[in-house]
Number of protein chains: 2
Amino acid sequence: MNYDDVVSLKHATLGLLTYGPASGYDLLQKFRDSLANVWPATQSQLYGELGKLADAGLVTVAAEGPRGRKEYAITPEGSAELRHWLGEVPPAPNRRSEMLLRVFFLGMLTPEQAQDYLNDRATVAAELQGELRELAKTVDPDSGPLAVYGRLALEWALRFSAMQQEWATWAAEEVRRAQDGAAAD
Amino acid sequence: MNYDDVVSLKHATLGLLTYGPASGYDLLQKFRDSLANVWPATQSQLYGELGKLADAGLVTVAAEGPRGRKEYAITPEGSAELRHWLGEVPPAPNRRSEMLLRVFFLGMLTPEQAQDYLNDRATVAAELQGELRELAKTVDPDSGPLAVYGRLALEWALRFSAMQQEWATWAAEEVRRAQDGAAAD
DNA sequence: CTGTGCATGTAATCCGTTACATGATTTA
DNA sequence: TAAATCATGTAACGGATTACATGCACAG
């Protein structure tokens, strides 16, 4: 009861189960393969969550297999809950950025170190973009509903990494300018 | 002992204390005023953290005031720890995005609902950008070290919200196109 | 003298991570 | 028959949020 609305592991699990019944073990791989960069989950967490979802009637054990395998399926209640969450619960914005927290305190380092930090961000972002571009090549352009929306997510990541790279490069430049300005005084 | 390196409330607190001694109460306001969108902290958490930082010798109670007020100051060890974290510990990227998690399951809704979701993202991003632009006007361009690096963070947020808005608008368009394509079959 | 703000703390609960623990089944 | 994989679970710990609880000091 009062199984909270805001927590998303629940919805990630329900979402994956809409693609068909699966065991905890199966789901764990789907989390690793497709949701790793969006909503990671550990084994420990997932088995606990499946128990709670079953207790709440949002999933059921549809079949049992060898080695104690329990195959879970989403129930109509689970499906309704997922749609409710998707359509009616406003998404919570990300509230924490370790990267930006560090930016706030970069004044504690020398300007050179601050520039190093920002240039490193640019490099990391550029590398990420390279990997994403490789990934984009391997995605089948028309294979099921996951491909349509998976591509939207991939495009977001491409744009994000581009933005991050441009910003970090600009910011390092900005620090250099401030440094020059201070030296001229 | 083994007071973990990865946790950033510690560093956020040390960082704020580099601007001068402050009580838990003072710090709480600084968290609300300047770090709310980067690293929020609750009262409960902060008082606990200050105790741990004091035990670890990274801060000290520099003065006591009325109403049991304890004014904390960062120690040389705390300052060294902050610089170590800033310069040598690689930042952890954000691993979770509820917004993108939802995108992965937008196929469970009707295409119209999916477009609504994406258009709402665009609207929210546009509103955020408006607020940030207002904020940018009020920031004194040359007032101390926080202004230099605070401006970098603000610029990041401006670029991020612009990117988000453009992406969401594009993505809604993309869903419409897929819908038209399916209708044509 | 009353309300507002200053000021600190504790308890309960939940989410997430790491590590521990166990065992069955298939495949080479 | 040994190794890899399938498969599930528990325990310990720490971080984050919400709520509870208390009380002093100052301004009007």
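Residue numbers start from 1 in every chain, and the chains themselves are labelled A, B, ... in the order their sequence lines are given, proteins ahead of strands.
- Between the CG atom of Leu9(A) and the C1' atom of dT17(C) there is a distance of 13 Å, given to the nearest Å.
- For the salt bridge (Lys or Arg N to Asp or Glu O under 4.0 Å) test, no residue two or more places apart in sequence or in another chain qualifies with Arg32(A).
- With no hydrogens or angles considered, a side-chain donor-acceptor pair links Ser23(A) and Asp26(A) at under 3.5 Å.
- Rounding to whole angstrom units, CD of residue Glu98(A) and P of dA16(D) are separated by 11 Å.
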Legend entry - B/S/- contact track for nucleotides 3-12 of chain C, protein heavy atom under 4.0 Å: --BBBBBBB-
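- Rounded to whole angstrom, the span from the CD atom of Glu64(B) across to the P atom of dA25(D) amounts to 14 Å.
- Consecutive pairing runs in DNA chain D reach the stem threshold at C:1-28 with D:1-28, where a stem means at least three Watson-Crick or G-U wobble pairs with distances under 3.5 Å.
- Side-chain contact between Glu71(B) and Pro21(B): present, with at least one pair of heavy atoms (C-beta onward) separated by less than 4.5 Å.
- Taken from CH2 in Trp39(A) to CZ in Phe104(B), the straight-line distance is 13.5 Å, to the nearest 0.5 Å.
- Aromatic ring pairs are classed by plane angle as parallel below 30°, tilted from 30° to 60° and perpendicular above 60°; the pair His11(B) and Trp85(B) is parallel.
- Spacing between atom NZ of Lys52(B) and atom C1' of dA16(D) amounts to 11 Å, rounded to whole angstrom units.
- Annotation: side chain of Lys30(B) is not in contact with side chain of Asp33(B) (no heavy-atom distance under 4.5 Å).
- Contact of the Thr42(A) side chain with the Gln45(A) side chain is registered, since non-hydrogen atoms from C-beta on lie closer than 4.5 Å.
- Among the protein residues, Arg95(B) comes within range of no part of the nucleic acid, since none of its heavy atoms lies under 4.0 Å from any strand.
- At dG16(C), none of the side-chain N or O atoms of Lys10(A) fall inside 4.0 Å of OP1 or OP2 (strictly under the cut-off).
- Residues Gln179(B) and Glu112(B) have side chains that bring a donor and an acceptor to within less than 3.5 angstrom of each other.
- The CG atom of Leu50(B) sits 14 Å away from the P atom of dG15(D) (whole-angstrom rounding).
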